[in-house]
Protein chains: 2
Amino acid sequence: MAYEQLKLENQVCFRLYTAARLTMGAYHPYLDPLGLTYPQYLVMLVLWEQDKQPVNDIAHKLLLETNTVTPLLQRMEKAGWIKRTKGKEDSRQRIVSLTEKGVEMREQAKHIPECLSADIIKNAGSAEEIMQMIPTLDKLIEGLKHTTHNK
Amino acid sequence: MAYEQLKLENQVCFRLYTAARLTMGAYHPYLDPLGLTYPQYLVMLVLWEQDKQPVNDIAHKLLLETNTVTPLLQRMEKAGWIKRTKGKEDSRQRIVSLTEKGVEMREQAKHIPECLSADIIKNAGSAEEIMQMIPTLDKLIEGLKHTTHNK
DNA sequence: TTAATTTATATCGTTCACGATGCAAAATTA
DNA sequence: TAATTTTGCATCGTGAACGATATAAATTAA
């Protein structure tokens, strides 16, 4: 009976993995004009919520490793949306702050969440049903955050 | 208050993206000994379910592009788990089949789904609650599968 | 104070994921 | 049959993710 579970259709993780990829794809029409990738958009969300944060705080909020975030930030700096300055008290830190361009982008990005909701409702039915997954996803994330291979 | 929706905590996609990454991380203890990555494991699932499939069928089942799957298969062939042969009727096709080594691996992988269920229950509470997301995830996937940027 | 350890970030190598493009074999149309 | 289009797969370039490792600054211990 164990073989039965080895079927693709019985795999929750495959669905999460696929849903995440496709949902990220749904952001493309809105992020492409801004020149942002989805992970870069996440960084912008973090910075719009609070400017001037060390790399570590950003990585922590996104549940990513710094070796993922650092190159991400380097590309974003090159694009002119953020800058990275040495920390004053702790000079190991790199403080990430928005440039003027980065601040202005917030206005253009303002409607992305509603656009996405609309798209999802149009294509995948009820947004409510999707929102109902949030507490479960949060529990899952919280539970797996500190397992062996996730830190 | 459009800005409110720009908060990270209000984003469903971020949760999907994170849950997918962390769940994939939870597979590591079981896949590492076999030398498999998670996407490679997915390919093995597809082939264990039905051997000898063209690249396109595999890509289609995993909802991936062939330009993602092709290099994946090349690495798996080099590892000795699969082989790729020219199609008989249609010589454009590459038929992917399991090697002896690939077939044997199924036995070792047999218990991975149960192990993962156990891990999730231990760390993230109820597996039932997680299973309840499946219909919603399926609707989401089905709905987004054929949008502009997802083909 | 000096030495050992921890912390914050960066670099490197490998593997996805995917848009764009290329190419040859098949299918379709003229 | 010849020309055109489509299809199946591959290659290339870019941007994540992440394990492993490196480095310098801060912290702690000796």
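Below, read A as the first sequence line, B as the second, and so on, with proteins coming before strands; counting in each chain starts at 1. In this text the structure is predicted, and so the values were computed from the model without any measurement.
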Which residues satisfy the salt bridge (Lys or Arg N to Asp or Glu O under 4.0 Å) test with B:Glu107, sequence neighbours excluded?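 Once residues adjacent in sequence are excluded, the partners of B:Glu107 under the salt bridge (Lys or Arg N to Asp or Glu O under 4.0 Å) criterion are B:Lys110.
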
Please confirm whether the shortest side-chain N or O distance from [X] to OP1 or OP2 of [N] is below 4.0 Å.
| X | N | result |
| --- | --- | --- |
| A:Gln40 | D:dA16 | yes |
| A:Tyr17 | C:dC16 | no |
| A:Arg21 | C:dC18 | yes |
| A:Tyr38 | D:dG15 | no |

Rounded to whole angstroms, how far apart are [atom1] on [X] and [atom2] on [N]?
| X | N | atom1 | atom2 | value |
| --- | --- | --- | --- | --- |
| A:Asp32 | D:dT14 | CG | C1' | 13 Å |
| A:Leu31 | D:dG15 | CG | C1' | 14 Å |
| B:Tyr27 | C:dT15 | OH | C1' | 19 Å |
| A:Asp57 | C:dT9 | CG | C1' | 13 Å |
| B:Ile58 | C:dA17 | CD1 | P | 15 Å |
| B:Leu64 | D:dA10 | CG | C1' | 16 Å |

Do side-chain atoms of [X] reach the backbone of [Y] as a donor and acceptor pair under 3.5 angstrom?
| X | Y | value |
| --- | --- | --- |
| A:Arg92 | A:Gly87 | no |
| A:Lys101 | A:Ala79 | yes |
| A:Ser117 | A:Pro113 | yes |

Please tabulate, for the side chains in residues 25-34 of chain A, all donor-acceptor contacts under 3.5 angstrom to protein atoms that are two or more places apart in sequence or on a different chain.
residue: A:Tyr27; atom: OH; partner: B:Gln11; partner atom: OE1; Å: 3.1
residue: A:Tyr30; atom: OH; partner: A:Asp119; partner atom: OD1; Å: 3.3
residue: A:Tyr30; atom: OH; partner: A:Asp119; partner atom: OD2; Å: 2.5

Among residues 66-80 of chain B, which contact DNA chain D at a heavy-atom distance under 4.0 Å?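 Under 4.0 Å from DNA chain D: B:Thr66, B:Asn67, B:Thr70, B:Gln74.
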
Strand contacts (DNA chain C) in residues 85-98 of chain A, 4.0 angstrom heavy-atom criterion: A:Arg92, A:Gln93, A:Arg94

Determine which pairs satisfy salt bridge (charged side-chain N to carboxylate O under 4.0 Å, His left out) with at least one residue from residues 125-144 of chain B, sequence neighbours left out, and list them in order. A:Arg15-B:Asp138, A:Glu129-B:Lys139, A:Lys139-B:Glu129, B:Glu142-B:Lys145

Side chains of B:Gln93 and B:Lys88, donor plus acceptor under 3.5 Å: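 Distance-only check fails for B:Gln93 and B:Lys88.
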
Of the nucleotides D:dA10, C:dA10, D:dA16, which one has an atom closest to the side chain of B:Val55?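 My answer, after comparing the listed nucleotides, is D:dA10.
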
For A:Gln40, enumerate each residue passing the side-chain contact (heavy atoms from CB on, under 4.5 Å) test, keeping only those at least two apart in sequence or located in another chain. A:Leu36, A:Thr37, A:Leu72, A:Arg75, A:Met76, A:Trp81

Would you kindly compare B:Leu63 and A:Pro54 by the position of their nearest DNA chain C nucleotide and give the one closer to the 5′ end?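 Between the two, 5'-proximity favours A:Pro54.
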
